Amino acid sequence: MENDYEVLQHSFYDRSNVTVIARELLGKILITSFDNEITAGRIVETEAYNGAVDRASHAYGNRRTNRTEVMFGKPGTAYVYLCYGIHHLFNVVTNKKEIPHAILIRALEPTEGISIMQDRTRKKVLDNTLTRGPGNVSKALGIFTYHSGLDLVRSDIRIVDDGFQYKKKEIAVTTRIGVDYAGPDALLPYRFIVRDNPYVSGKRR
DNA sequence: CTGACGATTCACT
DNA sequence: GTGAATCGTCAGC
């Protein structure tokens, strides 16, 4: 990165309101540097998962399994899991140890390493689907389930603040995608998007 | 051990 | 709009 930036510290993630953090993650930059290949993008879509009381969360009812255990770990930890046997979905763990909050990163606007992302995704045509949707984000940045449990403050996956901020008017809040199984909790306003950004997935309002 | 299923994506009608 | 891909996870037997 050429510009000055600061890696988000544990204190950023160690807060009790997961939706506040999800909103603040918009505009931050997610960076991976594996094998000297640096890829990065500005976060433009997130979803909050409110732990034990959220039927849409894997940790609903404080369900602890091998897979969900990292959500009960330190704030600022990566939670990556396999969806539909194909897609590796990347999340950030928030709140204190033992409180399983998480935020799904659903879309990025690419900022660095675009040709590497294109190689990884095997997309022949370069377009806005490169990092649109959580499956594409992980594929483009080279994130896999074996990265689950990594400390985002000191590892090859990091989230940084370069001082950029979206204006309040540029941010919209909607219900989450693909969580119909959660009953009433599917209606919660837990998805945060940058208005009119072409990398935002699914419905735009 | 077994079966059902998923915080998705893409090709196709 | 519909359906397939594809496999780890998890509950239940």
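Side-chain atoms are counted along with the backbone in the values below, which use heavy atoms only and exclude waters and symmetry mates. Proteins get letters first, then strands, A, B, ... in listed order; numbering begins at 1 in each. All values derive from a computational prediction rather than experimental measurement.
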task: Write down the partner of B:dA7 under the Watson-Crick or G-U wobble criteria, each distance required to be under 3.5 Å.
output: none

- request: Calculate the interatomic distance between A:His88 atom NE2 and B:dA7 atom P; express it in whole Å.
  value: 15 Å

message: With rounding to the closest Å, how many angstrom separate the P atoms on B:dC5 and C:dG3?
response: 16 Å

- request: Measure the distance from NE2 on A:His58 to P on B:dC5 and round it to the nearest whole Å.
  value: 15 Å

- request: Round to a whole Å and report the spacing from CZ of A:Phe90 to P of B:dT9.
  value: 16 Å

- prompt: Can any side-chain N or O of A:Arg191 pair as donor or acceptor with the backbone N or O of A:Glu47 at less than 3.5 Å?
  reply: no

- prompt: Does C:dT6 pair with anything, Watson-Crick or G-U wobble, both distances under 3.5 Å, and if so, with which nucleotide?
  reply: none

- prompt: Is the centre of the A:Phe192 ring less than 6.0 Å from the centre of the A:Tyr190 ring?
  reply: no

message: Applying a 4.0 Å non-hydrogen cut-off, can you work out what A:Leu89 is touching in the nucleic acid: base, sugar-phosphate, or nothing?
response: sugar-phosphate

query: With respect to the side chain of A:Ile177, which nucleotide from B:dT8, B:dT9, C:dC10 is positioned closest?
result: B:dT8

Centroid-centroid under 6.0 Å between A:His147 and A:Phe34 rings: yes

- request: Specify the separation, in whole Å, of atom CZ of A:Arg67 and atom P of B:dG6.
  value: 11 Å

statement: To the nearest angstrom, the OH-P distance between A:Tyr84 and B:dT9 comes to 10 Å

Gap between atoms CD and P, on A:Glu47 and B:dA7 respectively (whole Å): 11 Å

- request: When you get a sec, tell me which of C:dC10, B:dA7, C:dC7 is the closest nucleotide to the side chain of A:Thr68?
  value: C:dC10

query: Do the side-chain N or O atoms of A:Lys123 get closer than 4.0 angstrom to the phosphate oxygens (OP1, OP2) of B:dC10?
result: yes

message: Rounded to whole Å, how long is the line connecting atom CG of A:Leu130 with atom P of B:dT9?
response: 13 Å

A:Lys74 and A:Glu98 ion-paired at < 4.0 Å: no

query: Does A:Asn66 make a side-chain N or O approach to OP1 or OP2 of C:dC10 shorter than 4.0 Å?
result: no

query: Which part of the nucleic acid, if any, lies within reach of A:Arg176 when heavy atoms closer than 4.0 Å are counted: base, sugar-phosphate only, or nothing?
result: nothing

- prompt: For A:Asn136, which contact category applies under a 4.0 Å heavy-atom criterion: base, sugar-phosphate, or nothing?
  reply: sugar-phosphate

message: For A:Lys97, is there an ion pair with A:Asp14 - N to carboxylate O distance below 4.0 angstrom?
response: no

field: Proximity to the side chain of A:Tyr81 - top-ranked nucleotide from C:dC7, B:dT9, B:dA7
entry: B:dA7

task: Please report, rounded to the nearest Å, how far the C1' atom of B:dA7 is from the CG atom of A:Asp185.
output: 13 Å

- line: In short, A:Leu141 meets A:Thr32 closest at the heavy-atom pair O-OG1, 2.9 Å

message: Please confirm whether the shortest side-chain N or O distance from A:Thr65 to OP1 or OP2 of C:dT9 is below 4.0 Å.
response: no

message: Tell me whether the side-chain N/O atoms of A:Arg63 come closer than 4.0 Å to OP1 or OP2 in C:dA11.
response: yes

- prompt: Does B:dA7 have OP1 or OP2 sitting under 4.0 Å from an N or O in the side chain of A:His87?
  reply: no

- request: Name the nucleic acid region contacted by A:Leu82, choosing base, sugar-phosphate or nothing; use a 4.0 angstrom heavy-atom cut-off, strictly under.
  value: sugar-phosphate

task: For nucleotides B:dA4 and C:dA4, find the distance between their P atoms and express it as a whole number of Å.
output: 16 Å

query: Does the aromatic ring of A:Tyr181 sit over the six-membered base ring of B:dG6, closer than 5.5 Å centre to centre and tilted less than 30°?
result: no

- request: Respond yes when some side-chain nitrogen or oxygen of A:Arg106 is under 4.0 Å from OP1 or OP2 of B:dT8, and no when none is.
  value: yes

